[in-house]
Every structure is written in structure tokens, then in C-alpha cells.
Amino acid sequence: MTIGIDDLPIRDELRGKSPYGAPQLDVPVRLNTNENPYPLPEPLVERIAERVREAARTLNRYPDRDAVELRTELASYLTRTTGHEVGLANVWAANGSNEVIQQLLQTFAGPGRIAMGFEPSYSMHGLISRGTGTGWISGPRRDDFRIDAVSAAQAIDRHRPDVVFITSPNNPTGTAVDADTVVTLYDAAQAAKPSLVIVDEAYVEFSHRASLLPLIEGRPNLVVSRTMSKAFGAAGLRLGYLAAHPAVVDAVQLVRLPYHLSAVTQATALAALEHTDTLLGYVEQLKAERDRLVAELRATGYEVTESDANFVQFGRFEDAHTVWQRILDHGVLVRDNGVPGWLRVTAGTPEENDAFLDAVRALKKEQSS
Ligand SMILES: Cc1ncc(COP(=O)(O)O)c(C=O)c1O
């Protein structure tokens with residue numbers, strides 16, 4: 001007899017649900033998960049090896065539970081790049097920003113509480129909510145995928161969520177959110193009842209706009225989450241972090257697993273932070289490639305959503321999934337996020353982007369012939 005998930009005594013709300021699953025297909029050009037296409041530079045690989053060798057000598061011991069050296073370096077990176085001074089006490093780190101978000105939901109949401117995001121947005125906000133027993137409300141977005149501050153504030157007022165997600169730049173649309181909108185939504189969230197507002201800035205290094213991080217000043221219920229998976233080109237490292245009032249950092253200690261961040265992870269992240277300037281150099285190249293994708297897609301006759309990230313949403317298609325498959329037939333994997341009429345392509349190397357542009361130009365030609 002074969003036993004499936006539904007034969008097991010799992011939680012009722014997980015029955016019949018699918019796990020997160022961007023396809024990991026073996027194709028020549030993979031532009032589907034918003035990774036940085038550039039491998040880490042060799043001097044950094046060497047430095048990681050050195051730092052990890054050093055850490056290996058004490059792997060018989062648990063790692064620094066509070067990741068003090070790493071959090072201090074992350075704080076100095078944030079201070080340097082945003083002009084807003086943050087210190088060790090403001091910063092917390094975990095295994096990817098997904099774990100940061102999970103710890104925040106475990107602390108501020110959970111059974112009997114609800115979270116709200118403005119969709120389409122990053123699907124893991126809803127999935128991590130479900131995993132932590134938190135209810136999920138999908139808030140409104142305009143047809144151009146921007147957040148309308150008035151209707152979003154009304155939705156907060158109506159549903160009184162315990163946690164509000166604002167993703168800027170937003171995934172999968174690329175849309176950035178301005179500071180006034182964040183302040184309006186924060187005020188609405190505090191008026192309904194004090195609730196936590198998480199600004200997810202996973203892609204902020206690629207943005208035309210400044211970080212929203214300075215808004216944490218005087219707003220103890222505002223958290224900015226960040227990651228080394230995108231701009232730092234270190235998705236395999238699994239290192240995410242947050243900046244907030246020190247009380248928020250104290251609060252997540254209540255749920256974090258002891259020694260959650262391995263000594264190897266801490267050593268690797270510290271090595272990457274030593275090479276910040278080189279890594280951020282790649283960001284400039286990727287921004288230029290993102291802008292080229294936007295211009296070329298428009299010139300080919302596609303609609304494109306304004307992007308502040310390292311990816312571009314393009315359309316419109318009667319049947320986006322069929323187009324996704326046709327692009328894949330050309331050896332290029334893009335992402336169908338389930339937004340009707342639209343697909344998303346990550347900015348890759350110039351050669352990868354050329355392969356993608358050749359594929360979509362060929363499709364346009366086939367359509368018009
Ligand atoms: C908006 C957003 N937030 C967070 C993440 C998760 O990043 P991490 O690799 O740090 O868990 C992603 C990953 O794609 C994302 O798109």
C-alpha cells in the first residue's frame with residue numbers, strides 16, 4: 001500500500017496544498033529565480049575558504065548564538081549604504097530572509113492572528129503565514145501593479161491585520177513603493193491596532209530609489225528585511241537579515257532556535273561582506289542589463305512593468321503558460337508566477353539576456369506571420 005501525505009495526521013490547513021516550487025530544470029539559460037548570474041570572484045572564494053578553514057577548527061563547539069561579529073558588519077554595511085546609522089542592536093540575521101520572515105511571523109502572528117500582503121507579491125509571505133498558522137488576507141493593488149495608499153489603508157482598517165507586508169521593489173512586478181505610502185500604511189496599521197509592518201527589501205540594491213530603512217526611526221513596529229541572496233550573489237549561502245528597533249530584535253529571540261546560524265554560514269557571510277564593493281559592482285552591470293531588457297522588450301512590442309529590481313515582468317499574453325513553454329522550447333527558463341497575462345524574466349549575463357531576447361523576438365515573428 002502506498003502512503004501519501006493525506007494518509008498522515010498532518011494539520012488540516014496543510015491538506016491538499018502544494019509546497020513552494022520554482023522549477024529547477026536543467027536548461028542552458030535559467031532566468032527564473034532572480035538569482036545573480038555572476039559566480040563569486042576567485043579572491044572571494046579564496047577568502048571564504050580561509051574563513052571557513054578557521055571556523056572548522058572550532059566546529060566541535062556551538063557557533064556564536066548571537067552572531068555578534070556578523071551583525072556588526074551587516075549594520076555597518078547598512079549604515080554605509082543608506083546613510084542611516086544602525087548598530088548591532090538594530091540588526092538580526094537568519095538563514096535567508098525567508099527565515100527572518102518566519103521568525104517575525106512566529107513572534108508577531110501565529111494561530112488566531114492574520115497577516116496581509118498586497119498581491120501579486122512574493123508568494124512565500126502567504127506560504128510562511130500558513131506554515132506558522134497565521135491567517136492570510138490578500139490586499140489590493142492597482143492595475144499597473146502599484147499600491148494605492150488610500151485603498152490599501154482602507155483594507156488595513158477593515159481587516160485589522162497583525163502583520164502587514166510591503167515588498168519594495170515588489171516581486172514579481174518590480175514595482176517600488178515610495179516612503180509616503182509606507183508611512184500611510186504604517187499609520188493605518190497602528191490606528192487599527194498596533195501591528196507589525198514588514199518592508200521586504202530583498203531587491204533594494206537594484207532600485208532607482210533610496211532604501212526605506214530610515215523609516216524605522218521612531219517607528220518601533222516597522223521592520224526592514226534584507227538578503228544576501230540577490231545583490232551579493234550569494235543565494236546558496238542562505239543569509240538574510242533585518243533592521244528594526246532593538247526591541248524587535250529582542251522579541252525574535254523568543255522564537256529563534258538556539259545556534260540557528262552555523263559557524264560556516266557566519267564565516268562565509270563575513271568573507272562576502274569584506275568584498276562588498278566588488279559584489280556591488282556587479283549590481284551596476286545588472287541594472288544596465290535590466291534596463292536593456294525593458295527597452296528591447298518594448299521595442300519588440302511587449303508590455304513591460306516599470307522595474308526597480310533585477311527582473312522584469314512582461315506581457316501581455318492570452319495564455320502566459322503556453323508562452324512560458326514556447327520560451328522554454330528555445331532553451332530559456334523564465335517564470336510563470338501565475339499572474340494572468342504576465343511572465344517574469346531575471347536579468348542574467350549579456351549573453352543569457354541575448355538568448356532570451358532572441359527567443360521572444362522569434363515568438364513575436366511567428367505570431368505576426
Ligand atoms: C521579495 C522576496 N523576499 C525574500 C526572498 C527570499 O530570499 P532569501 O533567499 O533571503 O530567503 C525572495 C526570494 O526570491 C524575494 O523575492
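Predicted model only: the values in this text are computed from it and were never measured. Just so you know, ligand 1 is whichever comes first in the structure, and atom 1 is the first atom listed for that ligand.
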Heavy-atom distance under 4.5 Å between the side chains of Tyr38 and Leu286, does that happen here?
yes

Any nitrogen or oxygen of His125, side chain or backbone, less than 3.5 Å from one on ligand 1?
no

Please walk me through it: do Arg51 and Glu54 pass salt bridge (Lys or Arg N to Asp or Glu O under 4.0 Å)?
CA-CA 5 Å; Arg51 282 252 191 192; Glu54 192 64 31; over 6 Å; no

Any side-chain heavy atom of His125 sitting closer than 4.5 Å to one from Thr167?
yes

Under 3.5 Å, side chain of Arg15 to main-chain N/O of Asp6, donor-acceptor pair present?
yes

For Ser229, take its heavy atoms, then give the atoms of ligand 1 lying under 4.0 Å from any of them.
8 (P), 9 (O), 10 (O)

Output field: ring centroids Trp92/His260 closer than 6.0 Å
yes

One finds that the ligand 1 atoms under 4.0 Å from a non-hydrogen atom of Lys230 are 13 (C), 14 (O)

Heavy-atom proximity to atom 2 (C) of ligand 1 ranks first, among Asn170, Asp200, Asn171, Asn95, for Asp200

With respect to Tyr203, determine whether any N or O atom, backbone or side chain, lies less than 3.5 Å from an N or O atom of ligand 1.
yes

Salt bridge (Lys or Arg N to Asp or Glu O under 4.0 Å) assessment of Arg256 paired with Glu99
CA-CA 9 Å; Arg256 59 111 180 91; Glu99 191 185 31; over 6 Å; no

Flag the pair Phe317 / Trp324 as yes when at least one side-chain heavy-atom distance between them is below 4.5 Å, and no otherwise.
no

For ligand 1, which atoms sit closer than 4.0 Å to a heavy atom of Thr167?
1 (C)

Interfacing atoms of ligand 1 (cut-off 4.0 Å, heavy-atom, Arg238):
8 (P), 9 (O), 11 (O)

May I ask you to check if ligand 1 and Asn98 share an N or O to N or O distance below 3.5 Å?
yes

Looking only at protein heavy atoms, which one is nearest to atom 7 (O) of ligand 1, and what is the separation?
Ser97 OG, 3.1 Å

Under 3.5 Å, side chain of Arg113 to main-chain N/O of Phe108, donor-acceptor pair present?
yes

Give the numbers and elements of all ligand 1 atoms closer than 4.0 Å to a heavy atom of Gly96.
10 (O), 11 (O)

Give the residue, atom name and distance (to 0.1 Å) of the protein heavy atom nearest atom 12 (C) of ligand 1.
Tyr122 CZ, 3.3 Å

Gly240 near ligand 1, heavy-atom distance under 4.0 Å?
no

